[in-house]
Asker: 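Structure in structure tokens, see below.
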Amino acid sequence: MTKQSLRFNDAAMTVLFFLSFFVASMLAATAYLQSDSSWWTGLTGALVLIVLGFLGVLLVPEIEVTGYTSPAVFLVIGVWWCAGIIGLGSASALVLRRFRSAGQVAGIVFLGGWILTFLWFLT
């Protein structure tokens, strides 16, 4: 391995490390908020974002022959990512809130989310 490729691998691992930390933080925040609220609030928020993503797909212009993609496509992908994070955080909080306090639920979801997303990004 050359020194330059080693630097790229270190930079890529750093990005994946902090990206997984960010995803785990959002999962934990969602789980913390869901553990004290009604059962339907987080799941409804995720469902609304999924529907908004589909509406965005219908409103985004088709890809032209030149191959340029509309920036709105990335907004739709971001909305679906947020819906997934909210849905996973809410579902995990609904399962864990019967057995643990809100802070413990957030900690468990954060650690599990960080490990799982970091391993998922590595594959």
Side-chain angles (χ1 to χ4, degrees):
M1 273 190 140
T2 64
K3 200 171 197 178
Q4 185 177 8
S5 66
L6 184 61
R7 275 192 228 131
F8 174 74
N9 288 337
D10 289 343
M13 288 299 290
T14 304
V15 168
L16 292 178
F17 182 78
F18 284 113
L19 185 62
S20 63
F21 182 82
F22 173 72
V23 171
S25 298
M26 293 299 105
L27 281 171
T30 304
Y32 180 77
L33 293 172
Q34 179 64 47
S35 62
D36 289 334
S37 62
S38 299
W39 68 269
W40 53 270
T41 54
L43 300 175
T44 304
L47 184 64
V48 166
L49 286 175
I50 290 171
V51 169
L52 284 176
F54 280 116
L55 287 175
V57 167
L58 294 175
L59 297 176
V60 169
E62 294 183 19
I63 298 174
E64 298 176 11
V65 177
T66 58
Y68 293 110
T69 305
S70 172
V73 170
F74 300 107
L75 183 64
V76 169
I77 292 170
V79 166
W80 280 337
W81 264 98
C82 290
I85 289 172
I86 290 172
L88 286 174
S90 297
S92 59
L94 287 175
V95 171
L96 292 173
R97 75 179 180 178
R98 297 177 197 263
F99 310 110
R100 304 285 181 192
S101 68
Q104 290 174 337
V105 167
I108 291 168
V109 171
F110 175 78
L111 286 176
W114 196 8
I115 291 168
L116 289 176
T117 54
F118 187 67
L119 292 176
W120 179 52
F121 288 153
L122 288 179
T123 57

Asker: Distance from W81 atom CH2 to I77 atom CD1, nearest 0.5 Å?
Answerer: 10.5 Å
Asker: Kindly compute the distance separating OG1 (T44) from CH2 (W39), expressed to the nearest 0.5 Å.
Answerer: 7.0 Å
Asker: Where the side chain of S90 meets the backbone of G87, is there a donor-acceptor pair that is under 3.5 Å apart?
Answerer: no
Asker: Tell me whether I86 is reachable from L52 by hopping between hydrophobic residues (I, L, V, M, F, W, Y) whose side-chain heavy atoms are closer than 4.5 Å.
Answerer: yes
Asker: Could you tell me the separation between the CG atom of L59 and the CG atom of L75, rounded to the nearest 0.5 Å?
Answerer: 11.0 Å
Asker: Kindly say whether the aromatic ring centers of W114 and F118 come within a distance under 6.0 Å.
Answerer: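 Centroid distance W114-F118: not below 6.0 Å, so no.
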Asker: When you measure from the side chain of Q34 to the backbone N and O of A93, does any donor-acceptor pair fall under 3.5 Å?
Answerer: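 Answer holds: no.
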Asker: Side-chain heavy atoms under 4.5 angstrom apart, residues restricted to Ile, Leu, Val, Met, Phe, Trp, Tyr: same cluster for L96 and L27?
Answerer: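 Yes; tracing contacts between hydrophobic side chains, which count when under 4.5 Å, links both residues.
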Asker: Looking at CG of L55 and CD1 of I50, how far apart are the two atoms once the value is rounded to the nearest 0.5 Å?
Answerer: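 Here the interatomic distance stands at 12.5 Å.
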Asker: Cluster question for you: counting only ILVMFWY and a side-chain heavy-atom cut-off of under 4.5 Å, with indirect links fine, are F17 and F21 together?
Answerer: yes
Asker: Does W120 belong to the same Ile/Leu/Val/Met/Phe/Trp/Tyr cluster as L122, with side-chain heavy atoms less than 4.5 Å apart forming each link?
Answerer: yes
Asker: Roughly how far, to the nearest 0.5 Å, is the CD1 atom of I85 from the CZ atom of F22?
Answerer: 6.5 Å
Asker: Please report the shortest heavy-atom distance between A24 and G113, naming the atom on each side.
Answerer: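 Reported closest heavy-atom pair: CB-C, 3.8 Å.
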Asker: Counting heavy atoms not belonging to Y32, are there more than 12 under 6.0 Å from its OH?
Answerer: no
Asker: Let me check something: do W80 and V73 share a hydrophobic cluster, defined by ILVMFWY side-chain heavy atoms less than 4.5 Å apart, either directly or through other members?
Answerer: yes
Asker: Between S20 and T117, what is the shortest heavy-atom contact and its length?
Answerer: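 Here S20 and T117 meet closest at CB-OG1, 3.3 Å.
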Asker: Quick check: closest heavy atoms across V76 and G53, and the distance to 0.1 Å?
Answerer: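 Residues V76 and G53, closest heavy atoms: CG1-O, 3.5 Å.
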Asker: For the backbone of A31 and the side chain of R97, can you confirm whether one donor and one acceptor N or O come within less than 3.5 Å of each other?
Answerer: no
Asker: Supply the atom-to-atom distance S37 OG to L94 CG, rounded to the nearest 0.5 angstrom.
Answerer: 8.0 Å
